[in-house]
Amino acid sequence: MTKMTMVQALNLALRQEMEKDDSIVLLGEDVGRDGGVFRVTEGLADQFGEQRVVDTPLAESGIVGMSIGMAAYGLKPVCEIQFSGFSYHNFHQIENHAARLRWRSQGRYPVSMVLRAPYGGGVRALEHHSESREAYWAHTPGLKMVIPSGPRNARALMVSAIRDPDPVIFYEAKALYRAFREEVPDEEETLPIGRPQVVREGGGLTMIAYGAMLRPTLEAADVLREQDGVEAEVIDLLTLSPLDEGPLVQSVQKTGRAVIVHEAPRSFGPGAEIVSRIMEKAFYFLQAPLERVAGFDVVIPLFAREKSYLPGLERIVAAARRTLKN
Amino acid sequence: MPRTPLALATSIDSLSILDETGQLDAGLEPDISGEMLLKLYRAMLLGRRFDERLLDLQRQGRIGTFPPVKGQEAAQIGAVSHLRSDDWFVPSFRETAAELWRGRSLESVIICNNGFSEGARGLQGHNDLPVSVPVGSQVLHAVGLGWAASYRKTDEIVMTFFGDGATSEGDFHEGMNFGAVFQAPVVFVCQNNQWAISTPLFRQTRSATLAQKAVAYGMPGIRVDGNDILAVWSAAKEAADRARAGDGPTFIECLTYRVMMHTTADDPKRYRTDAEVEVWRQRDPLPRFQRYLLGKGVLSGAEQKELEEEVLQQIQAAVENAEKQMQSMGDPLEMFDHFYAELPPSLAAQKEELARELASGGEVRS
Ligand SMILES: Cc1ncc(C[n+]2csc(CCOP(=O)(O)OP(=O)(O)O)c2C)c(N)n1
Ligand SMILES: [Mg+2]
């Protein structure tokens, strides 16, 4: 066990997998010499050489398009898009090819690749550097969409993502990169993709979050316990798509109440799908309207106003209390 | 039938008028009035001193991350100075010196860099687009503006700026192709500062120059010493005149260097040596131009000192003014403004929701 940040944990996952499997190639802007602008790939070019940690020209469509070709050949590209806000440049490669090549070739060409991208707010960045648009990918058939919430699960999920036979979009909350350290086992650890985790048990209400929103959600659960005497069950989604609603439905069948938290804009956001699944499978157990705590339907503001945009403790607690009133 | 070399017009000029040692090619010296020379110099000086001040402010936590301009003032001012106020300036994100030339207020830059979108309100006046961060994306907008200006039968022209890294993006290539196909009145100015964050030029392209890319698209291209304002000015004049005459676009590669970090969040020591940077510090465009003006008698030593003083005072006043303005900025409810011509009811409801939350003080206690 070593205590590490999420940046270090991701680095460990990449390093250990690359040591085992020489079909893994990293590529992206500034991933080699610079170690990535957030240093997730730090030291990997030194260890594995420029052939396996490739600094590309500045073109996201190029990076992803080339990754698809590499994957079709049988390599395992793990590409980095420097900020998720620039992944729109490669949207068509993902939507038209990464997500479909297996299907179009009737199984002959699976696209086993990982697209890593930092997402989300909270780091006082410039425009385009703070967005949370995971719904685009979660909405795209053929993709898997994974978002870890801390160092340990980031490491384990990254290993699983690399080994996954399908294209995985892997969003890393940049607000979490260096926010805290966690014990991460030295030996290999994986987590299944497509399985949410109950991270705190309780019968009073269900709280569902992922990525950077898990921590304020857990804090809100503390407040509810201390001030309201309510035990919240908190579920960390980890994988948005394919969404396994099982644990969510089970929990709501027990609690009758749920709050969903994400920093993505509310309308047509991940919360909308989660609410629908709960409605479909746990409607008769509900004791209060479901609540979404989400970003507003605007572009995340420049950093002077960012805090008012992002769901925080107050907003989450208030939503929980509304569901508890009924 | 036989295999023969194609007769392609592929010659690309390289232009240098005032070299790094101060040597002037008198035959190529452009005819610029003393008044204009001083104006250009002042703009370069303002760009430089403002950049230095922004770096201080950033280090003191008084503004956020920003991309320094230092060393690229000649490339920016030499080109942008050919625009009339009704022409269009389409920047990327590192054109602060050029933006100030176009009349953007220093306050506006400080305010934007401190995370307040209100800063963008300082841009009104000229026909300019705001900063565009997604690399290369603005190149196509320039072509669209130019097409529209022709459609309306004006003689307005468009000048767009981008970096060497941008020439790898599809948007750049589409913009060059569209510009040439439609013979749009556009001047494409590439500030080849030889780095895209940690990626050196040779990792961006195997072309010997960026200028030669113009050939493939069927437009004139030229490479100029981007630290020589006389060369930039001359090449940009040719290009602007061409566009205004209805003779189509031009690509200008300004060979320069990013002597500072990419942005204040970057640490260039990780990927390049001080020795390399030092070579380019010696090629600094500002003292080069200053010596030229002193030698020409357009500027005296005393006037130079006065100008320095004046520029510093202007910056100081702007910093104070911006910091005062920011005290009353940041109303969270304004995050809903300017998304639609009219606020849709669902968004109005969200704004209302935030207003209620703010009014209640957002207390956790029940
Ligand atoms: C589409 C896109 N991808 C990545 C980035 C992150 N990024 C910002 S500037 C930059 C390098 C740009 O290099 P260049 O075009 O040479 O301009 P310079 O920074 O040197 O002025 C990168 C990769 C971005 N802003 N937009
Ligand atoms: Mg550059």
Side-chain angles (χ1 to χ4, degrees), chain A residues 29-39 42 54-62 65 82-83 85-86 88-90 123-129 219-220 223-224 227-228 265-267 294-309 312-318 321 324, chain B residues 64-67 93 111-119 131 133-137 163-171 196-199 203-205 262-263 265-267 270-271 326 329-337 339 344 346-347 350-351 353-354 357-358 360-366:
Chain A
E29 294 156 13
D30 308 290
V31 298
R33 195 118 175 234
D34 202 31
V37 295
F38 288 102
R39 311 289 177 244
E42 173 140 47
V54 184
D55 276 327
T56 65
L58 206 179
E60 291 72 16
S61 181
Q82 203 161 74
F83 288 89
F86 304 124
Y88 317 128
H89 287 59
N90 59 252
V123 298
R124 286 171 61 87
L126 300 165
E127 194 193 340
H128 310 284
H129 292 69
E219 282 169 35
V223 170
L224 293 169
Q227 296 183 10
D228 306 62
R266 182 183 309 174
S267 295
F296 299 108
D297 293 338
V298 299
V299 171
I300 182 168
L302 301 188
F303 65 80
R305 291 182 169 81
E306 195 177 31
K307 258 188 116 162
S308 312
Y309 171 92
L313 179 63
E314 288 83 3
R315 222 171 265 167
I316 302 170
V317 170
R321 285 183 179 147
L324 288 163
Chain B
T65 307
F66 84 100
F93 49 83
I111 291 167
C112 275
N113 281 328
N114 206 22
F116 292 96
S117 38
E118 288 91 329
V131 159
V133 172
V135 169
S137 54
D164 45 305
T167 66
S168 295
E169 287 281 9
D171 285 356
I197 309 188
S198 75
T199 309
R203 201 69 203 225
Q204 215 58 257
T205 181
H262 166 69
T263 69
D266 172 48
D267 173 14
R270 297 174 65 89
Y271 52 80
M326 284 188 284
M329 284 180 182
D331 177 355
L333 293 177
E334 287 177 19
M335 76 170 79
F336 295 94
D337 295 352
F339 277 98
S346 61
L347 207 49
Q350 292 189 7
K351 185 174 179 177
E353 195 183 307
L354 178 59
E357 178 188 300
L358 293 166
S360 76
E363 263 296 303
V364 168
R365 218 149 239 308
S366 51

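Letters A, B, ... mirror the listed sequences (proteins, then strands); counts begin at 1.
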Would you call [X] and [Y] a salt bridge, taking side-chain N to carboxylate O under 4.0 Å as the test?
X      : Y      : value
A:E29  : B:R203 : no
B:R270 : A:D34  : yes
A:R305 : B:E118 : yes

- Task: Sequence neighbours left out, what passes side chain to side chain contact (heavy atoms under 4.5 Å, CB included) with A:A59? Give chain and number order.
- Result: B:E169
Residue part contacting chain B, namely of [X], when any heavy atom lies under 4.5 Å:
X      : answer
A:F296 : both
A:E306 : neither
A:F83  : neither

- Message: Does B:S198 form a side chain to side chain donor-acceptor pair (under 3.5 Å) with A:D30? I'd like the steps, not just the answer.
- Response: CA-CA 6 Å; B:S198 75; A:D30 308 290; 2.6 Å; yes
[X] and [Y]: which non-hydrogen atoms are nearest, and at how many Å?
X      : Y      : answer
A:S267 : B:Q350 : OG-NE2, 4.4 Å
B:P134 : A:F86  : CA-CE2, 3.8 Å
A:P57  : B:Q204 : CA-OE1, 3.1 Å

Measuring from [X]:[atom1] to [Y]:[atom2], what's the distance to the nearest 0.5 Å?
X      : Y      : atom1 : atom2 : answer
A:E127 : B:F93  : CD    : CZ    : 13.0 Å
A:D55  : B:I197 : CG    : CD1   : 10.5 Å
B:N113 : A:L126 : CG    : CG    : 7.5 Å
B:E334 : A:S308 : CD    : OG    : 11.5 Å
B:S137 : A:H128 : OG    : NE2   : 7.0 Å

- Item | Residue, of A:V299, A:D297, A:I316, that accumulates the most heavy atom pairs under 4.5 Å with chain B | A:D297
- Task: Before giving the answer on side chain to side chain contact (heavy atoms under 4.5 Å, CB included), spell out for A:F303 and B:N114 the whole-Å C-alpha distance, their side-chain angles and the decisive distance to 0.1 Å.
- Result: CA-CA 8 Å; A:F303 65 80; B:N114 206 22; 4.0 Å; yes
- Heavy-atom distance under 4.5 Å to chain A: side chain of B:F339, backbone, both or neither? side chain
- Query: chain A: which of B:T199, B:D266, B:D171, B:T263 shares the most heavy-atom pairs with it under 4.5 Å?
  - Reply: B:T199
- Would B:H262 and A:V37 count as a side chain to side chain contact (heavy atoms under 4.5 Å, CB included) if you check the C-alpha gap in whole Å, the side-chain angles of each, and the deciding distance to 0.1 Å? CA-CA 11 Å; B:H262 166 69; A:V37 295; over 6 Å; no
- Query: Any donor-acceptor pair under 3.5 Å linking the side chain of B:E357 with the backbone of A:R315?
  - Reply: no
